[in-house]
Structures are given as C-alpha cells and as structure tokens.
Amino acid sequence: MKILHVALGSRSYPIYIGSDVLNQPELLTKHIKSKQVIVVSNPTVATLYLDTILAHLKDYVVETVLLPDGEEYKTMTSIMQIFDHLLESKFSRNATLIALGGGVIGDMGGFAAACYQRGIAFLQIPTTLLAQVDSSVGGKTGVNHPLGKNMIGAFYQPQCVIADTSVLNTLDNRQLAAGIAEIIKYGLIRDADFFVWLENNLSLLLNKDPLALAYAIEISCKNKAEVVAEDETESGVRATLNLGHTFGHALETGMGYGTYLHGEAVAIGLCLAAYLSKQLGWLTEAQVQRIITLLQQANLPTRPPKDLGCEKFIELMSVDKKNIDGNIRVILLKDIGLATLPMDINHDLLTHALTTYGR
Ligand code: NAD
Ligand code: GLY
C-alpha cells in the first residue's frame with residue numbers, strides 16, 4: 001500500500017492506495033470519531049461493495065442512503081435526501097459520513113457533510129478510476145445546476161481517501177477511459193515525464209494491469225496533492241487542474257448531464273485547449289497531434305459534437321467559476337507539461353477555434 005498526504009495544516013489527510021485496502025477495516029475505523037455513521041452510495045456500487053464496508057462497521061450505529069445513479073442526479077434534490085435521512089435518524093454534529101462511489105457520490109456526499117449542522121466529518125472511498133485520481137482528493141464538493149456544472153458547492157476536505165485499486169475490476173471500459181482523461185490532464189499541466197510514460201504504457205492501463213493502474217493513480221494523486229497543498233481554494237495554481245474543463249463543462253451542460261461522461265467531455269476540452277495553444281504559437285502541430293493521438297488511443301472522443309453551435313458553446317462557457325467580471329477565462333498550454341494560469345481569451349480566437357477545430 002502507498003500512503004500519500006495532502007498537506008493542509010490541521011486539515012491534512014492521508015490517501016491510501018492499494019489493492020484490497022478496503023479489506024483493512026482499521027484504515028476506515030481509525031478515521032471515524034463517532035458512533036453514528038452514514039454511508040452514502042448508489043445502487044450500482046452498493047450491490048458490489050456496500051457489504052464489505054458494513055462488515056467493518058458492526059460496532060457503530062450505521063445508516064445507509066442510496067441515491068439514484070447518474071450525473072443527472074447530482075442535484076440539490078439528492079442532497080436533500082441525505083439531509084432527510086440524517087435528520088430522521090437524529091444524527092448529531094459529531095456523526096461521520098462515508099461517500100462510497102464515483103465522483104458523483106463523492107462530490108455530493110462531501111457537500112452534504114459540509115452543510116449538515118454546518119459540517120460533519122466525512123471519508124472518501126472512491127470506486128471509479130476518475131474518482132481515485134481526481135475527485136476524491138482536494139475537497140471540491142457540490143452539485144450541478146441546470147444552467148451550470150458544479151456551480152453550487154463548497155471546499156470541504158475529507159478525513160482520508162481510501163482508493164482500493166481492485167474495485168476497478170468491475171468498472172466498464174467507457175468509465176475506465178473517462179478516468180484516463182483526467183490522468184492525461186496531469187501529464188499535460190505539470191508532468192511531461194508522466195505524459196511520456198502514458199504514451200508508452202497506455203495499453204497496460206486499458207488492460208487494467210494492476211501495477212500500471214496503481215502507478216498512474218499514485219502519480220496523479222501526488223500531482224493533485226501538491227497543487228491542492230499550494231492553493232486549496234483556487235486563488236491561483238489550482239485552476240490549472242481545470243485544463244480542458246471550461247470546454248468540458250459547457251459540453252456536459254449543453255448536451256444534457258450524462259450524455260457525455262465527465263472524462264469524455266474533458267478529453268474534447270483538452271483537445272480544444274491544445275488547439276488554441278497552437279493558434280497562440282505555444283504548441284507545435286506535432287505536439288497537438290501527440291495529445292489527440294493519446295486520447296484517441298484511450299478510446300476517448302476528441303472532437304466536439306456537430307450539434308452544439310459555436311454561439312451556444314460560448315454562452316455555456318460564460319458560466320464558469322474561473323470567469324472574472326463576465327470574461328471567459330481558460331487554461332492553456334505553453335508546452336506539454338506546462339499549463340498557463342487562467343487567461344482571458346479573445347472572443348474572435350475562441351470563435352475561430354470552435355468553428356474550425358474538428359468540424
Ligand atoms: P460516476 O460517479 O457517475 O461513476 C460512473 C459510473 O460508474 C456510475 O454509474 C457508478 O455507479 C459506476 N461505478 C462506480 N464505481 C464502480 C465500480 N467499482 N464498478 C462498477 N461501476 C462503478 O462518475 P465519475 O466519473 O466517477 O465522476 C464524475 C463526477 O466527478 C462528475 O460529476 C465531475 O464533475 C466530478 N468531478 C469532481 C472533481 C472534484 O475535484 N471534486 C474532479 C473531477 C470530477
Ligand atoms: N478537478 C479540479 C480540482 O480539483 O481543482
């Protein structure tokens with residue numbers, strides 16, 4: 001097992017990564033300081049892994065809430081379901097919430113924990129590749145709004161993250177690829193060597209080779225933990241973790257939540273960011289091709305859908321947490337492994353990119 005640390009002073013916490021770490025009850029219980037525990041999950045994940053967790057919690061008063069499965073249910077209605085359950089069970093302020101699932105469950109469980117009685121402790125047990133490499137680390141929690149992705153939320157750190165690589169055996173290939181999109185993102189923004197490693201070892205990841213997966217999760221979490229430790233609430237460098245996301249979030253909202261998986265939308269966004277970076281003279285055509293090729297080899301989409309017009313795309317991009325005073329800001333690449341901070345993007349350049357790239 002590898003243990004990484006997210007260094008945030010009194011809110012620091014460990015990330016446990018390894019095969020079968022879910023079968024180590026003490027990893028879980030040493031982070032639970034209450035008798036009352038609520039497990040938040042969905043029916044898909046619960047069928048596979050809930051019993052394992054419950055078996056470790058025999059000495060606690062445990063409630064379980066299963067939310068409907070899907071990005072389209074990442075809503076305040078689902079959050080209210082968690083609150084209803086907590087209140088009906090008379091759970092106190094020292095209760096602990098365990099989020100067991102992918103990024104949707106993790107983001108919602110964390111947000112409910114941040115709000116219930118102004119904050120209860122929570123633990124992340126991420127069960128998708130995407131959640132293990134990205135969403136469970138760093139304390140971004142929240143829900144979608146019909147007008148904008150992840151627009152309602154809070155920064156709220158977990159007590160620990162337990163990433164069991166063996167749960168990825170039940171993940172389907174489309175979800176696996178979605179996680180690889182975020183892994184590629186780390187290579188692009190700050191780790192050129194890792195990008196090259198991914199070019200050389202992608203087939204191992206696609207075949208779920210346990211050692212390759214564990215390595216990719218570790219390097220991704222290491223990169224994320226360093227960025228979060230430097231800038232927890234995104235006043236600077238943390239925004240680079242959003243490479244491709246301004247485009248990706250617009251695609252998710254515009255096409256209807258759940259049409260594209262988050263990682264798929266991000267993959268298209270990474271290509272658009274790379275294309276714009278080339279337009280500005282920072283990336284070469286060959287570098288853009290390397291990025292597109294790696295994403296394609298990972299079975300990810302690399303072109304925006306024809307039915308989302310440029311005007312609508314730009315309107316959707318104007319609802320983004322990085323924007324300032326109504327100006328659209330994006331993260332671009334100066335090189336593979338070197339992202340810019342958020343920068344205002346010239347409207348004509350953006351229009352040109354959206355009307356020419358992949359059309
Ligand atoms: P998801 O949570 O919807 O999970 C994908 C699917 O896989 C679901 O159907 C789920 O039930 C199923 N599943 C989960 N674990 C499984 C397993 N082990 N075996 C079989 N099936 C399993 O999607 P996701 O890709 O994990 O997360 C996407 C969400 O994460 C988005 O809402 C995105 O905004 C958010 N996100 C948040 C952050 C952050 O920093 N908080 C970062 C990246 C993404
Ligand atoms: N996924 C972007 C972040 O955590 O900041």
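Positions are given from 1 along the sequence. One-based numbering, in listed order, for ligands and for the atoms of each.
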K.L.:
Looking only at protein heavy atoms, identify the closest one to atom 20 (C) of ligand 1 and say how far it is in Å.
P.N.:
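The answer is T170 O, 3.1 Å.
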K.L.:
Looking only at protein heavy atoms, which one is nearest to atom 30 (O) of ligand 1, and how far off is it?
P.N.:
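Minimum-distance protein heavy atom for atom 30 (O) of ligand 1 reads G103 CA, 3.4 Å.
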K.L.:
Which ligand 1 atoms, with their elements, are less than 4.0 angstrom from a heavy-atom of L48?
P.N.:
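By the 4.0 Å cutoff, the relevant atoms are 19 (N), 20 (C).
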K.L.:
Atom OH of residue position Y73 - does it have more than 12 heavy atoms of other residues, nucleotides or ligands inside 6.0 Å?
P.N.:
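Incorrect, the count does not exceed 12.
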K.L.:
Is ligand 1 under 4.0 Å from a heavy atom in the side chain of T141, in the backbone, in both, or in neither?
P.N.:
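It is neither; nothing of T141 touches ligand 1.
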K.L.:
Looking at ligand 1, is there an atom of it that comes within less than 4.0 Å of some heavy atom belonging to H245?
P.N.:
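The answer is no, since H245 has no heavy atom less than 4.0 Å from ligand 1.
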K.L.:
Enumerate the atoms of ligand 1 whose separation from the nearest heavy atom of V45 is less than 4.0 angstrom.
P.N.:
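Every atom of ligand 1 under 4.0 Å from some heavy atom of V45: 11 (O), 13 (N), 14 (C), 15 (N).
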K.L.:
Contact between ligand 1 and E252 is defined here as a heavy atom of the residue under 4.0 Å from a ligand atom; is it met?
P.N.:
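Heavy atoms of E252 never come under 4.0 Å of ligand 1.
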K.L.:
Among the heavy atoms of H245, does any lie under 4.0 Å from an atom of ligand 2?
P.N.:
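It does not; every heavy atom stays at 4.0 Å or beyond.
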K.L.:
Less than 3.5 Å between some nitrogen or oxygen of N242 and one of ligand 2, yes or no?
P.N.:
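Checking ligand 2 against N242, no N or O pair falls under 3.5 Å apart.
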K.L.:
Using distance only, find each side-chain donor-acceptor pair of residues 108-121 under 3.5 Å and give its atom names and separation, not counting sequence neighbours.
P.N.:
unit_1: Y116; atom_1: OH; unit_2: F91; atom_2: O; d: 2.7
unit_1: Q117; atom_1: OE1; unit_2: R93; atom_2: N; d: 3.4
unit_1: Q117; atom_1: NE2; unit_2: F91; atom_2: O; d: 3.2

K.L.:
Which residue is it: K74, H145, H262, K140? I am looking for the one with a side chain to side chain donor-acceptor pair (under 3.5 Å) to N150.
P.N.:
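Among K74, H145, H262, K140, the one meeting side chain to side chain donor-acceptor pair (under 3.5 Å) with N150 is K74.
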K.L.:
Assign the ring pair H31 / Y16 to parallel, tilted or perpendicular, where the plane angle (0 to 90°) is split at 30° and 60°.
P.N.:
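It falls in the tilted class, 30° to 60°.
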K.L.:
How does L261 reach ligand 1, if at all, at less than 4.0 Å between non-hydrogen atoms: by side chain, backbone, both, or neither?
P.N.:
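For L261, there is no contact with ligand 1 at all, from either part.
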K.L.:
Using distance alone, decide if ligand 1 has a nitrogen or oxygen within less than 3.5 Å of any nitrogen or oxygen in V167.
P.N.:
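Min N/O separation from ligand 1 is below 3.5 Å for V167.
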K.L.:
Side chain, backbone, both or neither: which part of N144 has a heavy atom under 4.0 Å from ligand 1?
P.N.:
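Contact part for N144 vs ligand 1: neither.
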K.L.:
Suppose I only count heavy atoms of E71 and a 4.0 Å limit; which atoms of ligand 1 are within that range?
P.N.:
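What qualifies from ligand 1 is 29 (C), 31 (C), 32 (O).
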K.L.:
For V143 and T75: C-alpha separation, side-chain torsions, deciding distance, then whether side-chain contact (heavy atoms from CB on, under 4.5 Å) applies.
P.N.:
CA-CA 5 Å; V143 294; T75 60; 5.5 Å; no
K.L.:
Below 4.0 Å from ligand 1: does a non-hydrogen atom of E182 turn up there or not?
P.N.:
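Yes.
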K.L.:
Any nitrogen or oxygen of K74, main chain or side chain, under 3.5 Å from a nitrogen or oxygen of ligand 1?
P.N.:
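So ligand 1 has an N or O lying under 3.5 Å from an N or O of K74.
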K.L.:
Run the numbers for me: atoms of ligand 2, each under 4.0 Å from some heavy atom of K140, listed by number.
P.N.:
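Ligand 2 atoms under the 4.0 Å threshold to K140: 2 (C), 3 (C), 4 (O), 5 (O).
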K.L.:
When you look for heavy atoms under 4.0 Å from ligand 1, do you find them on the side chain of K224, its backbone, both, or neither?
P.N.:
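Side chain only.
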K.L.:
Please state which protein non-hydrogen atom is closest to atom 4 (O) of ligand 2 and give its distance, to 0.1 Å?
P.N.:
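In this structure, atom 4 (O) of ligand 2 has K224 NZ, 2.6 Å as its nearest protein heavy atom.
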K.L.:
Using a 6.0 Å cut-off, check whether atom NZ of K312 has over 12 heavy atoms from anything other than its own residue.
P.N.:
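Open: at most 12 neighbouring heavy atoms sit under 6.0 Å from NZ of K312.
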K.L.:
Starting from atom 28 (C) of ligand 1, which protein heavy atom do you reach first, and at what distance in Å?
P.N.:
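So the nearest neighbour among protein heavy atoms is L130 CD2, 3.9 Å.
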K.L.:
Show which atoms of ligand 1 fall inside a sub-4.0 Å distance from at least one heavy-atom site of Y49.
P.N.:
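Heavy-atom distances to Y49 below 4.0 Å select 18 (N).
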K.L.:
If you have a sec, work out which protein heavy atom is nearest atom 22 (C) of ligand 1 and how many Å separate them, to one decimal?
P.N.:
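The closest heavy atom on the protein side is L171 CD1, 3.7 Å.
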K.L.:
Report the nearest protein non-hydrogen atom to atom 35 (C) of ligand 1: residue, atom name, distance rounded to 0.1 Å.
P.N.:
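Looking at atom 35 (C) of ligand 1, the protein heavy atom closest to it is D107 OD2, 3.4 Å.
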K.L.:
May I ask you to decide whether E234 forms a salt bridge with K321, counting only side-chain N to carboxylate O separations under 4.0 Å?
P.N.:
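Salt bridge flag = no for K321 with E234.
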K.L.:
Measure up the Y275 and Y357 rings against each other and bin them: parallel (under 30°), tilted (30 to 60°), perpendicular (over 60°).
P.N.:
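Taking Y357 first and then Y275, their aromatic rings sit tilted (interplane angle of 30° to 60°).
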K.L.:
Do other residues, nucleotides or ligands put more than 12 heavy atoms under 6.0 Å from M80 CE?
P.N.:
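No.
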K.L.:
Indicate, as side chain, backbone, both or neither, the part of Q175 found under 4.0 angstrom from ligand 1 when only non-hydrogen atoms are considered.
P.N.:
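It is the side chain that gets close, since no backbone atom is under 4.0 Å.
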K.L.:
Return yes when atom CD of E285 has more than 12 non-hydrogen atoms of other residues, nucleotides or ligands closer than 6.0 Å, and no otherwise.
P.N.:
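Yes, the 6.0 Å shell around CD holds more than 12 heavy atoms from other groups.
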K.L.:
Run D320 and K322 through salt bridge (charged side-chain N to carboxylate O under 4.0 Å, His left out) and show every step you take.
P.N.:
CA-CA 5 Å; D320 186 275; K322 284 184 300 303; 3.1 Å; yes
K.L.:
Parallel, tilted or perpendicular for H249 and H245, by the 30°/60° rule?
P.N.:
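Judged by the thresholds at 30° and 60°, the geometry between H249 and H245 is perpendicular.
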K.L.:
Verify the neighbour count for atom NZ of K208: are there more than 12 heavy atoms of other residues, nucleotides or ligands below 6.0 Å?
P.N.:
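Result for NZ/K208: enclosed.
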K.L.:
I need the nearest protein heavy-atom contact for atom 1 (N) of ligand 2: residue, atom name and distance, please.
P.N.:
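Ranked first by proximity to atom 1 (N) of ligand 2 is D134 OD1, 3.3 Å.
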K.L.:
Counting heavy atoms only, which of V137, I125, V104 is nearest atom 2 (O) of ligand 1?
P.N.:
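Shortest heavy-atom distance from atom 2 (O) of ligand 1: V104.
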K.L.:
Under 4.0 Å, heavy-atom basis, I'd like to know which part of E182 is in contact with ligand 2: side chain, backbone, both or neither.
P.N.:
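Neither; nothing of E182 gets under 4.0 Å from ligand 2.
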K.L.:
Would a hydrophobic clustering, with Ile, Leu, Val, Met, Phe, Trp and Tyr connected at side-chain separations under 4.5 Å, put I268 with L130?
P.N.:
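No, separate clusters.
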K.L.:
Just let me know how V227 lines up against ligand 2, side chain, backbone, both or neither, with a heavy-atom cut-off below 4.0 Å.
P.N.:
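Answer for V227: neither.
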K.L.:
Salt-bridge test for K222 and D191: reply yes if a basic N is under 4.0 Å from a carboxylate O, no otherwise.
P.N.:
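Salt bridge absent between K222 and D191.
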K.L.:
For atom 38 (C) of ligand 1, what's the nearest protein heavy atom and its distance?
P.N.:
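Going by distance alone, atom 38 (C) of ligand 1 is nearest to S135 CB, 3.2 Å.
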K.L.:
Begin from the C-alpha positions of E72 and N144 and carry the test side chain to side chain donor-acceptor pair (under 3.5 Å) through to its verdict.
P.N.:
CA-CA 8 Å; E72 62 275 36; N144 300 326; over 6 Å; no
K.L.:
Taking 4.0 angstrom as the limit and counting only heavy atoms of T44, give me the atoms of ligand 1 inside it, by number and element.
P.N.:
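Listed by number with element: 11 (O).
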K.L.:
Who's the nearest protein heavy-atom neighbour of atom 43 (C) of ligand 1, and how far?
P.N.:
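Answer for atom 43 (C) of ligand 1: D134 OD2, 3.6 Å.
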K.L.:
Under a 4.0 angstrom heavy-atom cut-off, which atoms of ligand 1 come close to N150?
P.N.:
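Per the distance check, 34 (O).
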K.L.:
If you compare all heavy atoms of A177 against all heavy atoms of A298, which two are closest, and at what distance to 0.1 Å?
P.N.:
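Smallest interatomic distance, heavy atoms only, reads CB-O, 3.2 Å.
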K.L.:
Considering heavy atoms of the protein only, find what lies nearest to atom 9 (O) of ligand 1 and give residue, atom and distance to 0.1 Å.
P.N.:
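Of the protein heavy atoms, D69 OD2, 2.8 Å lies nearest.
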